[in-house]
Structures are given as structure tokens and as C-alpha cells.
> 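Structure in C-alpha cells, see below.
For ligands, and for the atoms within them, numbers begin at 1 and follow the listed sequence.
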Amino acid sequence: LLAGPADGPLAGRTALVTSGPTHEPIDPVRYIANRSSGRQGHAIAAALARLGAAVRLVSGPVAIPDPPGVETVHVETAREMLAAVEARLPVDLAVFVAAVADWRTESQAPTKLKKRPGAEPEPLRLTLNPDILKTVGTGSRRPRLVVGFAAETADLLANAGVKLAAKGADMIVANDVSAEGGVMGGNANTVHLVTAQGVETWETMAKDAVAEKLAQRLAAMLADKDR
Ligand code: CTP
Ligand code: CA
């Protein structure tokens, strides 16, 4: 396992990060997915490694390189992501940044679905994917520090507060992904840290800067738990 600098604030700690979208196949050529570049999650994995943590990154399909100094595994679907995460527990802290597809099709067609001339398309029958953050956050091998992200287009802080409790997280990093927010695929991010203590809003900054600042905050939170 790769380990970061021995003198960093996260030296001796293990961390797990999920990043990117998941792809849920409909047939051999089509899939359901969320918009996600993986930039924020990959930057967080790299930042945790720079602070000394041994970082395991579970990434969905992305077009960006594996972050330096991070043990990275690539998966496609939500169910594969959950299995890869569970195989990498226990860890000291986990950050769930992936934009996991909430639904997959009930079944996957073994051959390409064809248009039927003159006929309506068959509706897709969807089923719920496992909630990876909730499974880990409320599970028996829960990391001591569990952080989720929440992409919202409305009622940002109320929704993030509900997710904090429902998923067993210590913190939800909420960001506005409405058209005005412009986060998707872009380089800047405006985040709100939602914890049981309240909400802290950070100024808009580059995703790398968010990652660096968040990694430092998580190192401090973990040190606090040791006291
Ligand atoms: N998450 C997850 N597995 C899922 C869905 C979400 O691990 N199947 C995680 C995300 O990585 C994120 C957090 O849960 O850290 C919140 O994701 P979000 O999509 O905002 O919340 P949902 O619970 O899926 O609710 P909704 O999409 O309906 O707002
Ligand atoms: Ca979702």
C-alpha cells in the first residue's frame, strides 16, 4: 500500500475515497450515469496522500489520470463500487465524493436494443442501487470519520442536513449544482460544510484548493477524536 510522507498530519492513517460517476448498463452500448468529472474526488484523494495518509481510491469511469501517490481501483457500476469499498475496509477515514447513479435498469439486455419502426420505445424498468455511503456510515466497520458530499439544485442546506443524519456521516459537503452554480465539469466549487454543529460556508475556490483545505480539516477532526 502506498503511504504518504511520514511526518504529515495523517501519517499512519488509512483513508478511502470514492470519485467519479458510475455507469449502469442498459445494453452493451448504452448506460445510465450522473454527470461527474471525478476532479473533486481525485483532488481530495491526492490531498489526503500529501498529508501522509495511505489512500485507497475507488473511481468510476473518468477521463482524468489516477492521482499521484494513491492506490486506485477502477469500477463501473454502483454495485461494483460498493464491493470495492467494502473490500478496502477498515480505514480511519472515508470520503464519499462519487456521483453514484441512484438507479440501474432491472435487467441488462445481452444484445443491443433495436428501434422498432413505427412502435413506441419500451419503457426502462428501474431499480434502486445500494447507497454506498449509508451502508458504510451505518455499518459495523464504520470508519471513525465519515464524510459525504451532496449535490443539490434546491434546498441545499436542508437536504444536506437530512443526508447527514440518514447516512451516518460526520460531515456532508454540500454544493450547489444548479445551472447558476456551474460546478459540473468546471474547476471551481463553492461548498458548505454541514455537521451536527452547524453550517460553515467556504468562499468559492478551485477544486484543488477545496481538496487541500478539506484534507487539513479532516486531519484536525481525526486528531480531535483521539483526545
Ligand atoms: N451516495 C452513495 N451511494 C448512492 C448514492 C449516494 O454513496 N447510491 C453518496 C454520494 O457519494 C454522496 C452522498 O451519498 O456522498 C449524497 O449523494 P446524493 O446523490 O446527493 O444523495 P442521495 O442520497 O442519492 O439523494 P438524492 O440524489 O435523491 O438527492
Ligand atoms: Ca443521488
> Could you walk me through whether Glu122 and Leu113 pass the side-chain contact (heavy atoms from CB on, under 4.5 Å) test, one step at a time?
CA-CA 10 Å; Glu122 284 290 337; Leu113 300 173; over 6 Å; no
> Before giving the answer on side-chain contact (heavy atoms from CB on, under 4.5 Å), spell out for Ile44 and Val147 the whole-Å C-alpha distance, their side-chain angles and the decisive distance to 0.1 Å.
CA-CA 12 Å; Ile44 289 167; Val147 179; over 6 Å; no
> Apply the test side-chain contact (heavy atoms from CB on, under 4.5 Å) to residues Arg79 and Leu82: give CA-CA distance (whole Å), side-chain angles for both, the deciding distance (0.1 Å), then the verdict.
CA-CA 5 Å; Arg79 286 182 295 176; Leu82 175 60; 5.7 Å; no
> Can you list, by chain and residue number, every protein residue with a non-hydrogen atom closer than 4.0 Å to ligand 1?
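Contacting ligand 1 under 4.0 Å are Phe96, Ala98, Val100, Asp102, Pro130, Asp131, Ile132, Leu133, Gly148, Phe149, Ala150, Ala151, Lys163, Lys167.
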> Which of these passes salt bridge (Lys or Arg N to Asp or Glu O under 4.0 Å) with Asp170: Arg144, Arg217, Arg142?
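Between Asp170 and the candidates, salt bridge (Lys or Arg N to Asp or Glu O under 4.0 Å) is satisfied uniquely by Arg142.
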> When you compare the side chain of Thr105 with that of Leu126, does any pair of heavy atoms fall below 4.5 Å?
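Yes, close enough: below the 4.5 Å cut-off.
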> Return the set of protein N, O or S atoms whose distance to the Ca ion (ligand 2) is under 3.0 Å, each given as residue and atom.
Asp102 OD1, Asp102 OD2
> Is Arg104 salt-bridged to Glu24, going by a charged N under 4.0 Å from an acidic O?
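No, this pair does not count.
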> Before giving the answer on side-chain contact (heavy atoms from CB on, under 4.5 Å), spell out for His74 and Asp66 the whole-Å C-alpha distance, their side-chain angles and the decisive distance to 0.1 Å.
CA-CA 9 Å; His74 294 269; Asp66 293 352; 2.8 Å; yes
> Does Val95 reach the side chain of Phe149, with side-chain heavy atoms less than 4.5 Å apart?
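Counting from C-beta outward, Val95 and Phe149 do come under 4.5 Å.
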> State plainly whether the residues Glu212 and Arg50 are in salt-bridge range, i.e. N to O under 4.0 Å.
yes
